[in-house]
Asks: 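Quick one: the structure is below, questions incoming.
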Amino acid sequence: MAEDRNPPWSREEFEERLRSKQVYYHIHHPFHQRMHRGELTPEQIRGWVANRFYYQVSIPIKDAAIMANCPDREVRRSWIQRIEDHDGQMEGEEGGIEAWLRLGEACGLDREDLWSQQYVLPGVRFAVDAYVNFARSAHWRDAVCSSLTELFAPSIHQARLDDWPKYYGWIDSAGLDYFRNRLTQARRDVAYGLEVTLSSFQSREEQERALEILQFKLDVLWTMMDCMHLAYVMDMPPYAATEPEGSTDG
């Protein structure tokens, strides 16, 4: 029997390679760097909150798609917690979407405007929809793997909790509850998603595929930031070049 030239990585090395993808996490994007240095204007903060809301409301749809594709009852029983975390429960916790609406209000946005999605940039919508469609069409284990950007999420939530009160004192601190809640939820979620991934992707080919899937999700998040940076920092919103000279339309 020929020797396998690409033996699978050990569980520890595989996890280390997944975690090494942190260098591509959107916390390193110039827009986020500006945010954490306190350099964003109120309008730029509001633009980020409004666009990110589209991602927030899409998360439980993505998770429902994973559950719909998963034949394993025990996995579904564990994964449903994510939907409740974001959509809330009929009686009990309101959920992350409601917390994000309160963040929007703390930043000066109307919740009706957030729900209308009128401020969502086309590129942001395209990127988020690509992620949801991936979860709908991919094997459920691949979709679970794509969630592993949660490996890096606690650091970004903590950074906002540390930086926003210093630099954006005009935002009511009660509006930061989403970030506080996700510190615990993200750690719990990633422990389960990581276990599924480490146990499911066994061969070297499968492990390399897992790294590609995680990179795809990182690309989604980075692309969202590219769109917002272009529109709100470089003042190049979509279709700006098509506006008649001197137009004052929004």
Side-chain angles (χ1 to χ4, degrees), residues 18 25-26 48-105 111-112 114-117 120 124-158 160 175-201 210 213-214 216-218 220-221 224:
L18 289 167
Y25 194 48
H26 62 166
W48 176 76
V49 170
N51 277 273
R52 181 76 182 191
F53 183 66
Y54 186 65
Y55 179 80
Q56 300 306 132
V57 298
S58 298
I59 289 175
I61 299 173
K62 174 268 297 184
D63 287 323
I66 292 175
M67 291 181 61
N69 289 334
C70 179
D72 189 319
R73 177 172 177 255
E74 292 306 313
V75 173
R76 295 197 305 270
R77 284 163 62 114
S78 297
W79 207 261
I80 197 171
Q81 180 66 55
R82 295 168 180 253
I83 298 177
E84 293 179 344
D85 284 345
H86 285 85
D87 276 340
Q89 303 173 16
M90 294 298 292
E91 297 181 5
E93 297 293 330
E94 292 180 324
I97 290 176
E98 175 60 28
W100 199 273
L101 287 165
R102 292 199 300 270
L103 171 63
E105 290 175 324
R111 62 173 51 214
E112 292 79 12
L114 287 170
W115 276 120
S116 75
Q117 300 174 7
V120 179
V124 169
R125 187 183 301 274
F126 189 86
V128 174
D129 288 352
Y131 180 41
V132 174
N133 288 332
F134 174 80
R136 285 177 173 147
S137 60
H139 191 286
W140 69 270
R141 292 189 183 92
D142 288 0
V144 166
C145 178
S146 72
S147 75
L148 287 184
T149 48
E150 293 166 337
L151 283 166
F152 323 122
S155 62
I156 204 170
H157 295 316
Q158 188 62 60
R160 291 166 188 156
L176 306 183
D177 282 346
Y178 178 87
F179 307 135
R180 296 187 185 97
N181 295 340
R182 287 304 295 168
L183 283 175
T184 301
Q185 293 171 352
R187 291 188 176 98
R188 178 206 64 209
D189 291 347
V190 77
Y192 185 75
L194 183 60
E195 175 59 33
V196 171
T197 298
L198 294 175
S199 300
S200 300
F201 294 80
I213 291 169
L214 181 53
F216 158 73
K217 174 62 181 308
L218 290 163
V220 167
L221 296 173
M224 292 170 62

Asks: Between the side chain of Asn69 and the main-chain N/O of Ala135, is any donor-acceptor distance below 3.5 Å?
Replies: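 Side chain of Asn69 to backbone of Ala135, a donor-acceptor pair under 3.5 Å: yes, one is there.
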Asks: Verify the distance criterion only: is there a donor paired with an acceptor across the side chains of Gln81 and Tyr192 at less than 3.5 Å?
Replies: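 Looking only at side-chain atoms, Tyr192 and Gln81 do not form any donor-acceptor pair under 3.5 Å.
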Asks: Please walk me through it: do Ile61 and Arg136 pass side chain to side chain contact (heavy atoms under 4.5 Å, CB included)?
Replies: CA-CA 9 Å; Ile61 299 173; Arg136 285 177 173 147; 3.6 Å; yes
Asks: Answer yes or no: is there a donor N or O on one side and an acceptor on the other, between the side chain of Trp140 and the main chain of Pro71, under 3.5 Å?
Replies: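 Not at all, since once roles are kept as given, no pair shorter than 3.5 Å links the two residues.
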Asks: With under 30° as parallel and over 60° as perpendicular, where do the rings of Phe216 and Tyr131 fit, or are they tilted in between?
Replies: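 Judged by the thresholds at 30° and 60°, the geometry between Phe216 and Tyr131 is tilted.
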Asks: Answer whether the closest heavy-atom distance between the side chains of Phe134 and Asp142 falls below 4.5 Å.
Replies: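 They are in side-chain contact.
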Asks: Could you check whether atom CD1 of Ile80 has more than 12 heavy atoms from other residues, nucleotides or ligands sitting under 6.0 Å from it?
Replies: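 12 or below, so no.
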Asks: Flag the pair Lys217 / Ile213 as yes when at least one side-chain heavy-atom distance between them is below 4.5 Å, and no otherwise.
Replies: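 They are not in side-chain contact.
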Asks: Scan residues 186-200 for pairs that pass salt bridge (Lys or Arg N to Asp or Glu O under 4.0 Å), counting only residues two or more places apart or in two chains.
Replies: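 Every pair satisfying salt bridge (Lys or Arg N to Asp or Glu O under 4.0 Å) with a residue in residues 186-200: Arg11-Glu195, Asp85-Arg188, Arg182-Asp189.
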Asks: Decide yes or no for Pro60 and Ile97: does some side-chain heavy atom of the first lie under 4.5 Å from some side-chain heavy atom of the second?
Replies: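 Yes. Closest side-chain heavy atoms under 4.5 Å.
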Asks: Below 4.0 angstrom, N of the basic side chain to O of the carboxylate: do Glu105 and Arg102 qualify?
Replies: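 A salt bridge is absent here (no side-chain N lies under 4.0 Å from a carboxylate O).
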Asks: Is there a side-chain contact between Leu103 and Phe53 in this structure, where contact means two heavy atoms from C-beta onward sitting under 4.5 Å apart?
Replies: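 When only atoms from C-beta onward are counted, Phe53 and Leu103 do not touch, as no gap falls below 4.5 Å.
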